[in-house]
Amino acid sequence: MKKFARLVAVGGITVAATALFAGQAQASPGGRSAPVFVQTDNLAANTIVAYDRAADGSLHQAGVYRTGGKGGALAGAVVDFLASQGSLAYDRDEGLLYAVNAGSDTVTVFTVHGNRLTRHQVIGSGGLFPVSIAVRGNVVYVLNARDGGSVQGFLRFDDRLVRIPSWRRSLGLDPSQTPEFTNTPGQVTFTPDGRKLIVTTKANGNDIDVFAVNRFGGLSARPVVNADPGQVPFAATFDAGGHLVVSEAANAVATFTVNSDGTLTLVDRQATGQAATCWIVRSGSNFYASNAGSGSLSGYHDGGSGTLTALGNTATDAGTVDAAVSSDNRFLYAQTGANGIVDAFRIGSNGALVQIGAVTVPDAVGGEGIVAG
């Protein structure tokens, strides 16, 4: 799809809008093999640790890069300082990496050169305690967890972000709810067609909020609030049929149809039988939910119908949090926050996971945020 540019007024700012939602997936810049990046969320100085991925999926440290900001920890959190998914976001098409600095209320933009990073910008997140980032073409939304929660939109120009003031939406959550780490929002993500932006609220409402997205990237004035009573919706991804797949901290994985009016219809829900099911990642038609309380991953198959078939549980190191799957769907990398370890697994043709190694990430106890190329 060809890109085009024209001048438009967005939130009172005249900008050159360059095909906000145009473009198809391309190979990594320069055709290099893609590494794995891990965010430490270190409270003194947040860093990104880069790893080379060998042919067998094993990881080998290649570099450490400061974000220019500080990590943060929500009250009550032990192994999951941010209690969120998507705190590190990789735009493979553009070769850009985005990281939240929760302790500094900022976002860092890096360019990716193989296993090397170049920091280009540190910009205010438009709220307090950023925890999750969603990217769609030239549009970027950041989820801020504190002060009742908010999302703030940005436009990207080359390797820099410009905040659009009118693209900020408050979530209206109760900031007095405790413990903080279970009562702050968990993730922001676009639907596959880019027409909706979804936010999970966890225990603070037990809701899944759905905003409409206009052709420039701005949001509807208010979201459609979908109640998920008692389930604590934490993180989300999508199956091949466009169904929303949600990990619920009430220890289940659920699928929903996303209707055109922003409402959700439950399709299936399967209990994991594990403790603190909070994160979820997709590999083709398979999904893996992280269980922080059990030190395990729960696997499910969903070919696009929204119906889940259990694949069983796989043990990890203690405090399983965020996870990432390589772009070729061969390997899964799971962060474990108790000791700052990343466990590496090979994904079998039947969806089974076979551990192939582990690395200890420097200064990453409690850290969250991992992406794989």
Side-chain angles (χ1 to χ4, degrees), residues 3 5 8 10-11 13 15-23 25-26 29 37 39 46 48 67-69 82 84-102 104-112 117-145 149-171 185-200 209-220 223 235-237 369 371:
K3 291 186 177 181
V8 296
V10 181
I13 300 174
V15 297
T18 307
L20 300 185
F21 298 101
Q26 303 292 325
F37 296 107
Q39 179 169 249
N46 191 20
I48 308 299
T67 65
L82 303 180
S84 69
Q85 181 164 287
S87 61
L88 195 62
Y90 185 21
D91 183 346
R92 293 187 180 92
D93 289 359
E94 300 295 335
L96 294 171
L97 187 72
Y98 301 92
V100 302
N101 303 302
S104 303
D105 302 328
T106 60
V107 173
T108 301
V109 184
F110 293 96
T111 53
V112 179
L117 298 176
T118 301
R119 189 175 76 203
H120 286 281
Q121 183 185 27
V122 180
I123 186 172
S125 68
L128 300 179
F129 208 88
V131 295
S132 182
I133 301 171
V135 181
R136 176 79 180 185
N138 287 24
V139 177
V140 174
Y141 271 91
V142 176
L143 173 64
N144 295 291
S150 65
V151 290
Q152 173 63 63
F154 298 79
L155 280 176
R156 178 187 59 78
F157 297 94
D158 294 325
D159 52 21
R160 302 184 72 83
L161 296 178
V162 175
R163 183 170 64 91
I164 309 300
S166 64
W167 288 5
R168 186 183 187 277
R169 298 290 183 269
S170 173
L171 299 179
Q187 185 180 6
V188 61
T189 186
F190 284 100
T191 55
D193 62 8
R195 295 179 180 178
K196 295 177 177 61
L197 189 77
I198 291 176
V199 179
T200 57
D209 294 351
V210 181
F211 290 92
V213 181
N214 66 31
R215 61 190 179 122
F216 299 118
L219 302 183
S220 54
T237 185
V371 295

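Excluded from the calculations below are hydrogen atoms, water molecules and symmetry mates; all remaining heavy atoms, backbone and side chain alike, are included. The first residue in the sequence is number 1, and the count goes up from there.
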Which label fits Y141 and W167: parallel for a plane angle under 30°, tilted from 30 to 60°, or perpendicular past 60°? parallel

Over all atoms of both residues, closest heavy-atom pair of [X] and [Y]:
X: V107; Y: S125; result: CG2-CB, 4.1 Å
X: G149; Y: P185; result: CA-CG, 4.3 Å
X: P130; Y: V142; result: CB-CG1, 3.7 Å
X: T67; Y: A99; result: CG2-CB, 4.3 Å
X: V139; Y: F216; result: CG2-O, 4.0 Å
X: L88; Y: I48; result: CD1-CD1, 3.7 Å

Would you find a donor on one side and an acceptor on the other, under 3.5 Å apart, between the side chain of [X] and the backbone of [Y]?
X: T106; Y: G69; value: no
X: R169; Y: S166; value: yes
X: N101; Y: S104; value: no
X: R156; Y: D158; value: yes
X: R136; Y: T189; value: no
X: Q187; Y: I133; value: no

Output for pair (I164 CD1, F154 CZ), nearest 0.5 Å, gives 9.0 Å

Between the CZ atom in R195 and the CG atom in N214, the distance rounded to the nearest 0.5 Å is 12.5 Å

Is there a side-chain contact between [X] and [Y] (heavy atoms, below 4.5 Å)?
X: P223; Y: V199; value: no
X: Q39; Y: F37; value: no
X: L96; Y: T111; value: yes
X: V188; Y: I198; value: no
X: V213; Y: L219; value: yes

Under 3.5 Å, is there a donor-acceptor pair between the Q121 and D159 side chains?
->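 Side chains of Q121 and D159: no pair found under 3.5 Å.
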
Verdict with reasoning, V112 to L117, per side chain to side chain contact (heavy atoms under 4.5 Å, CB included):
CA-CA 5 Å; V112 179; L117 298 176; 3.7 Å; yes

Pair L128, N144 - check side chain to side chain contact (heavy atoms under 4.5 Å, CB included), show working. CA-CA 5 Å; L128 300 179; N144 295 291; 5.6 Å; no

Go through it in stages, so that I can follow the logic: the residues are L143 and L171, the test is side chain to side chain contact (heavy atoms under 4.5 Å, CB included), and I'd like the CA-CA distance, side-chain angles, deciding distance and then a yes or no. CA-CA 10 Å; L143 173 64; L171 299 179; 3.8 Å; yes

